[in-house]
Amino acid sequence: MQSSSSDITGTSADGGQAPPPQDIAHADLQLGHLTGPQVMGLSVSSFIPAVGLSAVPAFLAAYTGRSSWLAMAASVVAFTIIGLFVTVFARRFIGTGSLYSYIRHVFGSWSPLVIAAAMVPGYIVVVMVLVVSLGLYVGSFLMSVGVSSAAGPEIQLVIYVLAALVAMGIAYRGLDVSVRSSVILTVVSVPVMLVITVATAFGGNVDLASQLSLSDFTFNSFLQGLAIGSTFFIGFESSAALGAETRNPTRAIPRAIMVIPVVLGMAFLAATVIQVPTLVDSADQLALGVSPNAVLAEAAGVGFLSNISDLVLAAAVFASLIGFFNYGSRVVVSAASDGLLPSALTKVSKRYKSPLAAIAFLGVPSLVGPPVMLWLTSSTPLEIYGYIATLLVYFWVIPYFLICIGGAVLLNRISPRKSVLVNIGAALASATVLWLYVNGILYPAPGPLSALPYVMIGTVAVFLIGFVASVRSKRRTSISA
C-alpha cells in the first residue's frame with residue numbers, strides 16, 4: 001500500500017453511502033498477477049491440512065475427551081462468522097495490508113495503528129512458530145531413523161537456519177515460485193494423513209454413540225477445547241494481503257479466506273470425530289511420548305506410515321512457512337509505506353517483484369530467537385514451540401476483535417434492516433476471540449506460559465508507541481519541508 005501517513009490518521013467511512021476509496025498498492029509489486037486458483041492454493045497450503053488432520057484431534061482429545069467434536073464444531077462456526085466479517089471488507093476494498101488496511105475504512109486514526117501493533121510482531125512470531133515446528137518434525141523423523149541427537153540444539157539450530165533461509169529465498173523469487181512450491185509440498189503431504197485417517201475410520205473404533213452422548217462433557221473442558229480448536233485458524237485471513245496482486249480480488253480473496261474455516265474446518269472436524277476415540281483409548285501410549293500419528297497408524301494397521309508421516313508433515317509446515325513469508329511481508333510493506341516502519345522496508349525487487357527487505361525483516365528474528373532460547377535456556381524444542389505458539393494466538397485477538405466490530409458497523413451502515421442478525425454474529429465472534437485471551441488469564445498454564453498474555457500486551461504497547469512516534473515525526477518533517 002502506498003497511502004501517505006496522513007491517510008492513516010483520518011480516513012473513515014462516510015456514513016455508508018458509497019464505499020471509501022480503495023487502498024493503493026505498492027507499484028512495484030505484481031499487481032493483478034495471481035489467478036483465483038493460485039491464491040486459493042497458497043491459502044490452503046499455508047494452513048497445513050496434513051498437520052491439522054494430525055494435530056487438531058490430538059490436542060482436543062487431551063482436554064475434552066470424546067466431547068471434542070462439539071468444541072471443534074463451535075470453533076468452526078465461530079471462525080466462519082469471523083471470516084464473513086472479514087469478507088465484508090474483502091468484497092469492497094483492495095490492498096496489501098490485510099486487516100490493517102481494512103479497518104481504516106470504519107474507525108478513526110487509532111484503529112490501523114493498533115492492528116499494526118499486533119499484526120507486525122504477530123507475523124514475526126508466525127514465522128518463528130513454523131520454523132520451530134519444522135524442527136520438531138524433522139528432528140522426530142531423524143530420531144526414528146537412528147539420529148539420536150536430532151532433538152539437540154546443534155541439529156535443531158541447523159534445521160532452523162536452513163528452513164528460514166530456503167523459505168526466504170523462495171519467497172524472494174516471487175509469487176509464482178512460492179505458490180508452485182507450496183502447493184506441490186501440500187499435495188505430497190496430505191495423502192499420508194488421509195490414509196491414516198481413513199484407515200482409522202474403517203478400523204471400527206469411531207464409536208459415534210459415546211461421542212454423541214457427551215458423557216464426559218463439562219463446560220470448562222468445552223471452553224478449553226474451544227480455545228484449542230480456534231488456534232488452528234489464527235491468521236486464516238492472511239490471503240487478503242495479496243489482494244492487490246490478485247486478479248478480480250473482490251471475488252477471489254473472499255473465497256480464499258472462507259475456504260479455511262469452511263472446507264478445512266469441516267475436514268478437521270471430521271478427523272476429530274474419527275480419531276478421538278482411538279486417541280482417548282491410547283492415552284497411556286501418548287503419555288509415554290509416542291506421537292499421535294504413530295498411535296493411529298499402528299491401531300489402523302498402517303504402521304509402516306508412522307515414520308514417514310513426520311517427514312511429510314515437515315514438508316507441509318515448510319509450505320506454510322513460504323506462504324506466511326509472502327503474506328507477512330506485504331503487511332510490513334503497507335505499514336512502512338504509511339510511515340509506521342522505516343521506508344527501507346518498502347523496497348521491492350525489480351526482477352522478482354517481491355519485497356526483499358520486508359521478507360528479511362520477518363526472517364531474521366527466526367534466525368536469532370529460537371536458537372537463543374534453545375541455547376540459553378533449559379527448554380526443549382517442544383516447550384519452545386508451546387511458548388511461541390501460545391503467544392501467536394494472543395497477538396491475533398485484537399485484530400479479530402476489531403474487525404468483527406468494524407464489519408458489523410459497516411454492514412449496519414449499508415443495510416440497517418439486518419442489524420439484529422449482524423450484531424448477534426459480531427457479539428458471538430468477538431466473544432470467542434476475546435475468550436482466547438481471557439482463557440490464558442483465568443486458566444494460566446504452568447511456568448512461562450502464564451506470563452504470555454502480558455507479554456503480548458507489553459509488546460503491542462511498545463510497537464504502538466513506536467508507530468505513533470514515527471507517524472508524528474514524519475508528519476512534522478513533511479510540514480517543515
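Atom set for the values below is all heavy atoms of this structure, side chains included, hydrogens, waters and symmetry mates excluded.
- Here the side chains of L175 and Q38 are not in contact, with every heavy-atom distance at 4.5 Å or above.
- Summarising the geometry of V187 relative to P191, their closest heavy-atom pair is O-CD, 3.0 Å, with the distance given to 0.1 Å.
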(request) Show your working on salt bridge (charged side-chain N to carboxylate O under 4.0 Å, His left out) between E245 and K353 and close with a plain yes or no. (result) CA-CA 10 Å; E245 295 169 271; K353 305 293 184 181; over 6 Å; no
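- With values rounded to the nearest 0.5 angstrom, F79 atom CZ is found 9.0 Å from E237 atom CD.
- Within 6.0 Å of atom CG in L442, more than 12 heavy atoms from other residues, nucleotides or ligands are found, so the atom counts as buried in its surroundings.
- Atoms CD1 and CE, from I103 and M119 in turn, are 11.0 Å apart once rounded to the nearest 0.5 Å.
- In this structure a side-chain-to-backbone donor-acceptor pair under 3.5 Å is present from T231 to I228.
- Nearest heavy atom pair, residue P49 against residue V44, reads CD-O, 3.4 Å.
- Between the side chain of S140 and the backbone N or O of D310 there is no donor-acceptor pair closer than 3.5 Å.
- In this structure, S45 contributes its side chain and G41 its backbone to a donor-acceptor pair below 3.5 Å.
- Applying the side-chain hydrogen bond (donor to acceptor under 3.5 Å, both in side chains) test to pairs two or more places apart or on separate chains, none has a residue in residues 257-269.
- From S182, atom OG reaches atom CG of L42 across 5.0 Å, with rounding to the nearest 0.5 Å.
- Of the residues listed (Y102, F107, Y100), the one engaging F89 in a ring-ring contact (aromatic ring centres under 6.0 Å, His included) is Y102, and it is the only one.
- The minimum heavy-atom distance between A256 and S239, with the atom names listed, is CB-OG, 3.6 Å.
- Under a 3.5 Å cut-off, the side chain of S181 and the backbone N or O of S178 do not form any donor-acceptor pair.
- Taking the six-membered ring wherever Trp is involved, the centroid distance between the rings of F47 and F324 falls below 6.0 Å.
- Other residues, nucleotides and ligands contribute more than 12 heavy atoms inside 6.0 Å of the CZ atom of F217.
- Counting only residues at least two apart or in different chains, side-chain hydrogen bond (donor to acceptor under 3.5 Å, both in side chains) contacts with residues 113-125 comprise Y123-S238.
- No side-chain donor-acceptor contact under 3.5 Å links T64 and Q224.
- Distance check: S470 OG to L341 CG gives 7.0 Å after rounding to the nearest 0.5 Å.
- Between A118 and V460, the closest heavy-atom pair is CA-CG2, 3.9 Å.
- Here the side chains of S354 and R173 are not in contact, with every heavy-atom distance at 4.5 Å or above.
- Distance alone, capped at 3.5 Å, places no donor-acceptor pair between the T250 side chain and the R91 backbone.
- F236 pairs with exactly one of W396, Y400, Y327 by the ring-ring contact (aromatic ring centres under 6.0 Å, His included) rule, that one being Y400.
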(message) Between M258 and V86, does the side chain to side chain contact (heavy atoms under 4.5 Å, CB included) criterion hold? Intermediate values first, please.
(response) CA-CA 9 Å; M258 293 306 299; V86 176; over 6 Å; no
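- Closest approach of A71 and L226 over heavy atoms only: CB-N, 3.7 Å.
- The structure places CE of M40 at 9.5 Å from CD1 of I253, a figure rounded to the nearest 0.5 Å.
- With rounding to the nearest 0.5 angstrom, the OG1 atom of T272 is 14.0 Å from the CZ atom of R66.
- Applying side chain to side chain contact (heavy atoms under 4.5 Å, CB included) to V397 and the options V438, V433, I234 leaves one that passes, V433.
- With no hydrogens or angles considered, no side-chain donor-acceptor pair links S337 and T346 at under 3.5 Å.
- Heavy-atom neighbours of I308 CD1 from other residues, nucleotides or ligands within 6.0 Å: at or below the threshold of 12.
- The shortest side-chain heavy-atom distance between I48 and L130 falls under the 4.5 Å cut-off.
- Counting all heavy atoms, side chain and backbone alike, I322 lies closest to N326 at O-ND2, 2.9 Å.
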(request) Show your working on side chain to side chain contact (heavy atoms under 4.5 Å, CB included) between F361 and I124 and close with a plain yes or no. (result) CA-CA 8 Å; F361 177 82; I124 292 174; 4.0 Å; yes
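- Between the side chain of S415 and the backbone N or O of L411, no donor-acceptor pair lies under 3.5 Å.
- In terms of modelled atom types and a separation under 3.5 Å, the side chain of S43 and the main chain of V39 share no donor-acceptor contact.
- With a 4.5 Å cut-off on side-chain heavy atoms, Y137 and S133 count as touching.
- Below 30°, between 30° and 60°, or above 60°: for F268 and F232 the angle between ring planes is above 60°, a perpendicular geometry.
- Two residues are said to be in side-chain contact when any heavy atoms from C-beta on lie closer than 4.5 Å; D338 and R104 meet this criterion.
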